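All remarks here apply to the structure that follows.
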Amino acid sequence: ETGVTQTPRHLVMGMTNKKSLKCEQHLGHNAMYWYKQSAKKPLELMFVYSLEERVENNSVPSRFSPECPNSSHLFLHLHTLQPEDSALYLCASSQDTNSETQYFGPGTRLLVL
Amino acid sequence: GENVEQHPSTLSVQEGDSAVIKCTYSDSASNYFPWYKQELGKGPQLIIDIRSNVGEKKDQRIAVTLNKTAKHFSLHITETQPEDSAVYFCAAKRADSSYKLIFGSGTRLLVRP
């Protein structure tokens with residue numbers, strides 16, 4: 001176990017649904033990340049939070065909305081998604097944004113119908 | 001920006017044989033090169049890393065080599081075991097980019113018993 005948990009592990013949603021992904025880290029880290037992992041493509045960094053402040057928004061469509069209420073929790077709110085948004089969404093954390101080692105959660109497998 | 005290419009995309013070896021995965025990077029300012037292993041149903045986990053002031057690093061059966069002049073680095077796994085079967089990702093990071101890891105597209109390694 002890496003100390004980073006994600007729920008749900010699997011999610012199927014229609015294009016008109018609203019859902020949220022949750023990430024929690026038990027490592028006392030100050031930085032948290034959302035990545036998108038699509039088949040046969042490199043991991044794509046979506047958002048970065050440092051001490052609950054967003055420091056990176058990597059040209060992600062507004063149908064993805066992150067929220068970081070405290071340094072241990074990170075959410076990704078989803079609404080009006082497209083089928084091409086189907087992917088594995090990974091959360092990660094690190095001691096801070098200057099730390100090189102990132103610890104990943106198991107991911108949420110999302111299918112948009 | 002940085003681009004990381006990884007080869008091969010799939011690799012099948014007999015148990016006990018060695019496996020080699022290669023990555024090339026484009027940005028000469030990159031100075032940190034981690035390797036992550038992703039098992040089925042799990043997030044990527046750091047297995048070894050190397051910095052640009054070192055040419056080789058070993059940890060038991062795994063080793064990483066770096067050629068700064070040619071801008072490529074490789075992961076070597078010796079005496080492969082079935083539990084080495086996973087997807088392996090290389091990444092690169094610039095010294096001035098703190099958290100931003102640029103990942104390769106992954107290599108699926110299958111170790112045949």
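Predicted model only: the values in this text are computed from it and were never measured. Order of the sequence lines fixes the chain letters, A, B, ..., with proteins taken first and strands second; residue numbering starts at 1 for each chain.
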Option that, when pairs with chain B are counted at under 4.5 Å, heavy atom only, ranks first among A:Q37, A:E44, A:K41: A:Q37
At a heavy-atom distance under 4.5 Å, which candidate from A:L45, A:N98, A:V48 has the highest pair count against chain B?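 Top count of heavy-atom pairs under 4.5 Å with chain B: A:V48.
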Contact part of [X] toward chain B, heavy-atom cut-off under 4.5 Å: side chain, backbone, both or neither?
{"X": "A:T97", "value": "both"}
{"X": "A:R9", "value": "side chain"}
{"X": "A:Q102", "value": "both"}
{"X": "A:L90", "value": "side chain"}

Strictly under 6.0 Å, is that where the ring centroids of [X] and [Y] end up?
{"X": "B:F33", "Y": "B:Y25", "result": "yes"}
{"X": "B:W35", "Y": "B:F73", "result": "yes"}
{"X": "A:Y103", "Y": "A:H29", "result": "yes"}
{"X": "A:F104", "Y": "A:Y35", "result": "yes"}

Are the charged groups of B:K22 and B:E5 less than 4.0 angstrom apart, N to O?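 B:E5 and B:K22: not salt-bridged.
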Before accepting this row, confirm whether a basic side-chain N of the pair B:D49/B:K57 lies closer than 4.0 Å to the acidic partner's carboxylate O. yes
Of all of [options], which one pairs up most often with chain A through heavy atoms under 4.5 Å apart?
{"options": "B:Y32, B:Y99, B:Y36, B:F89", "value": "B:Y99"}
{"options": "B:S9, B:G41, B:A91, B:P34", "value": "B:G41"}
{"options": "B:R51, B:R108, B:Q6", "value": "B:R51"}

So if I apply the side-chain contact (heavy atoms from CB on, under 4.5 Å) rule between B:V111 and each of B:D17, B:V13, B:L11, which one comes out positive?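 In the set B:D17, B:V13, B:L11, the residue that makes a side-chain contact (heavy atoms from CB on, under 4.5 Å) with B:V111 is B:V13.
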Please say whether more than 12 non-hydrogen atoms of neighbouring residues, nucleotides or ligands are located less than 6.0 Å from CD in A:E84. yes
Side chain from CB out, backbone as N, CA, C, O: work out which of these in B:K42 comes under 4.5 Å of a heavy atom of chain A, or both, or neither.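 For B:K42, backbone heavy atoms alone lie under 4.5 Å from chain A.
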Can you tell which part of B:Q38 gets under 4.5 Å to a heavy atom of chain A, answering side chain, backbone, both or neither?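 Just its side chain gets close to chain A.
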